[in-house]
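Letters A, B, ... mirror the listed sequences (proteins, then strands); counts begin at 1. When reading the values below, keep in mind they use all heavy atoms of this one structure, side chains included, and skip hydrogens, waters and symmetry mates.
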Amino acid sequence: MPELAEVLYFSRRWDAGMGRVVVAVHANTKSRVFRGCNIAALKSGLAGARLKASRTHGKQVLFEFSGGHWLAVHLGMTGALSANPEPYEPCKHDHLVRHTKSLALVFTDPRQFGALKVCEEKTPPAWWKILPPQPMDDTFAPERVAEILQRHARQPLKTLLLDQRYFPGIGNWMADEIMWQMKLPPHIAAGSLAAKQALKLWRTLRKVCDVAVKTIGVDWRNPPRSWLFSHRWKRVNDCPRCGAKLRHENLRGRTACWCPACQKSIMTY
DNA sequence: CATCATGTTATAAT
DNA sequence: CATTATAACATGAT
């Protein structure tokens, strides 16, 4: 489920355990989520440690523990973080459970596309410090959007929006939402946007991210009913703007949900 | 039983 | 070389 706002929401579930000492660590070592992760280091690093801080960047979460231990979490397609009262018995797809005296912090992920990694340093790991700016960051300039559009001119715009190198945290529903708010079809070539449209894309990116963070990110509340968001997964789904039937089609391996009636290419205006 | 799913990455093809 | 396209990963829901 997680895109930037959902990731923020989940990171805050674990914040409930801030300051508590980890008394036991349960890890389902066979799970794919530990690929590339030193499990022994994870267990020894977290045991006895206290959660000091958490932060997110795009779809990444970074937890800081006492003693210079860091745990990075990516939630993949179906990952989730939760805090549960003790005693807590691990469920089927719980891959990591950090037990404290009163609260169990759990990472669960049925499809195991998520990933965990640990490191021991004074400051956040090097790879964290060089993550590209998020769309709602002040350092994310409109010129950056224009450059990206130029560089990947032949890429469908919706597909380009999913590229984490440029738009960290944007996922399938946010990309569709942005295309819908832009009134552009998902397959329009990135390079076909005029300067004015590129600026509008920058604004739309910021707005969708800002509002998602303030709603989903806070308490899982839905974004405005006027958005595509609340309609795209319904059994019968019509465009909340014009009432036309929404279309679902595969674009580069992902489902694009859009309104053929009001998402027209620029040339038709 | 077949298809699909709010993601990433290795590898192939332009 | 730079960019774009596809398959694979593991499990559950429809």
- Any side-chain donor-acceptor pair under 3.5 Å between A:Glu6 and A:Trp173? yes

Between the protein and nucleotides 9-12 of chain B, which nitrogen or oxygen pairs are less than 3.5 angstrom apart?
none

* A:Lys101 vs A:Arg20, side chain to side chain contact (heavy atoms under 4.5 Å, CB included): CA-CA, chis, key distance, verdict -> CA-CA 8 Å; A:Lys101 193 174 177 190; A:Arg20 293 168 207 254; over 6 Å; no

When rounded to whole Å, the CG to P distance for the pair A:Asn250 and C:dA7 reads 10 Å

Rounded to whole Å, the CG-P distance (A:Leu116 to B:dT8) equals 15 Å

Note: for A:Arg151 and A:Gly253 on DNA chain C, the residue whose nearest nucleotide lies more 5' is A:Arg151

Looking at A:Trp14, does the NZ or CZ of A:Arg98 lie under 6.0 angstrom from its six-membered ring centre and within 45 degrees of the ring axis? yes

Residues at least two apart in sequence or cross-chain that pass salt bridge (charged side-chain N to carboxylate O under 4.0 Å, His left out) with A:Arg111, listed by chain then number, are none

Quick note, side chain to side chain donor-acceptor pair (under 3.5 Å) partners involving residues 21-30 of chain A, not counting sequence neighbours, are none

Residue set satisfying ring-ring contact (aromatic ring centres under 6.0 Å, His included) with A:Trp258, at least two apart, ordered chain then number -> A:His187

A:Lys214 meets the salt bridge (charged side-chain N to carboxylate O under 4.0 Å, His left out) criterion, sequence neighbours left out, with none

Taken to the nearest whole Å, CZ/A:Arg35 to C1'/C:dA8 is 12 Å

The side-chain contact (heavy atoms from CB on, under 4.5 Å) partners of A:Gln150 (sequence neighbours excluded) come to none

Residues passing the ring-ring contact (aromatic ring centres under 6.0 Å, His included) test with A:His152, sequence neighbours excluded, are A:Tyr166

Correct closest heavy-atom pair for A:His69 and A:Gly45 would be CD2-O, 3.3 Å

Atom NE2 of A:His187 and atom C1' of C:dT4 are separated, to the nearest Å, by 17 Å

By ring-ring contact (aromatic ring centres under 6.0 Å, His included), A:Trp220 pairs with (sequence neighbours left out) A:Tyr9, A:Phe10

What are the atom names and distances for every N/O pair under 3.5 Å that joins the protein to nucleotides 10-14 of chain C?
residue: C:dA10; atom: O4'; partner: A:Arg111; partner atom: O; Å: 3.2
residue: C:dA10; atom: O3'; partner: A:Gln112; partner atom: NE2; Å: 3.3
residue: C:dA10; atom: N1; partner: A:Arg111; partner atom: NE; Å: 2.7
residue: C:dA10; atom: N1; partner: A:Arg111; partner atom: NH2; Å: 2.7
residue: C:dA10; atom: N3; partner: A:Arg111; partner atom: NE; Å: 3.3
residue: C:dT11; atom: OP1; partner: A:Gln112; partner atom: NE2; Å: 3.3
residue: C:dT11; atom: O3'; partner: A:His93; partner atom: NE2; Å: 3.1
residue: C:dG12; atom: OP1; partner: A:Lys92; partner atom: NZ; Å: 2.9
residue: C:dG12; atom: OP1; partner: A:His93; partner atom: NE2; Å: 2.8

Are there more than 12 heavy atoms of other residues, nucleotides or ligands under 6.0 Å from atom NZ of A:Lys129? yes

Here the distance between atom P of C:dT4 and atom CD1 of A:Ile148, to the nearest Å, is 12 Å

To the nearest angstrom, the CD-C1' distance between A:Glu249 and B:dA5 comes to 17 Å

| field | C1' spacing across the pair C:dG12 / B:dT9, given as an integer number of angstrom | value | 23 Å

Rounded to whole Å, the CZ-P distance (A:Arg254 to C:dT4) equals 18 Å

For this session: Give a yes/no on whether any side-chain N or O of A:His74 is located under 4.0 angstrom from OP1 or OP2 of B:dT8.
Result: yes

Those stems involving DNA chain B that have three or more consecutive Watson-Crick or G-U pairs, both distances under 3.5 Å, are B:2-5 with C:11-14, B:7-14 with C:2-9

Note to self: For a quick check of understanding: with a heavy-atom distance under 4.0 Å over all strands, which category does A:Gly76 fall into, base, sugar-phosphate or nothing?
What the structure shows: sugar-phosphate

Notebook entry, point to check: Does a side-chain N-to-carboxylate-O contact under 4.0 Å join A:Asp15 and A:Arg55?
Noted result: no

Checking side chain to side chain donor-acceptor pair (under 3.5 Å) for the pair A:Glu121/A:Trp128: CA distance, chi angles, key distance, verdict?
CA-CA 12 Å; A:Glu121 290 178 74; A:Trp128 180 272; over 6 Å; no

So, with a heavy-atom separation below 4.0 Å from DNA chain B, the residues of residues 167-180 of chain A are A:Gly171, A:Asn172, A:Trp173

request  = Given side chain to side chain donor-acceptor pair (under 3.5 Å), test A:Ser82 with A:Asn84 step by step and report yes or no.
outcome  = CA-CA 6 Å; A:Ser82 64; A:Asn84 310 76; 3.0 Å; yes

note: A:Arg252, atom CZ; C:dT4, atom C1'; distance rounded to Å ~ 7 Å

Is there a chain of hydrophobic side chains (I, L, V, M, F, W, Y, each step under 4.5 Å between heavy atoms) that links A:Val118 to A:Phe107?
yes

Sorted by number, residues from residues 154-163 of chain A placing a heavy atom under 4.0 Å from DNA chain C are A:Arg154, A:Gln155

Scanning both residues in full, the closest heavy-atom pair of A:His57 with A:Pro132 reads NE2-O, 2.6 Å

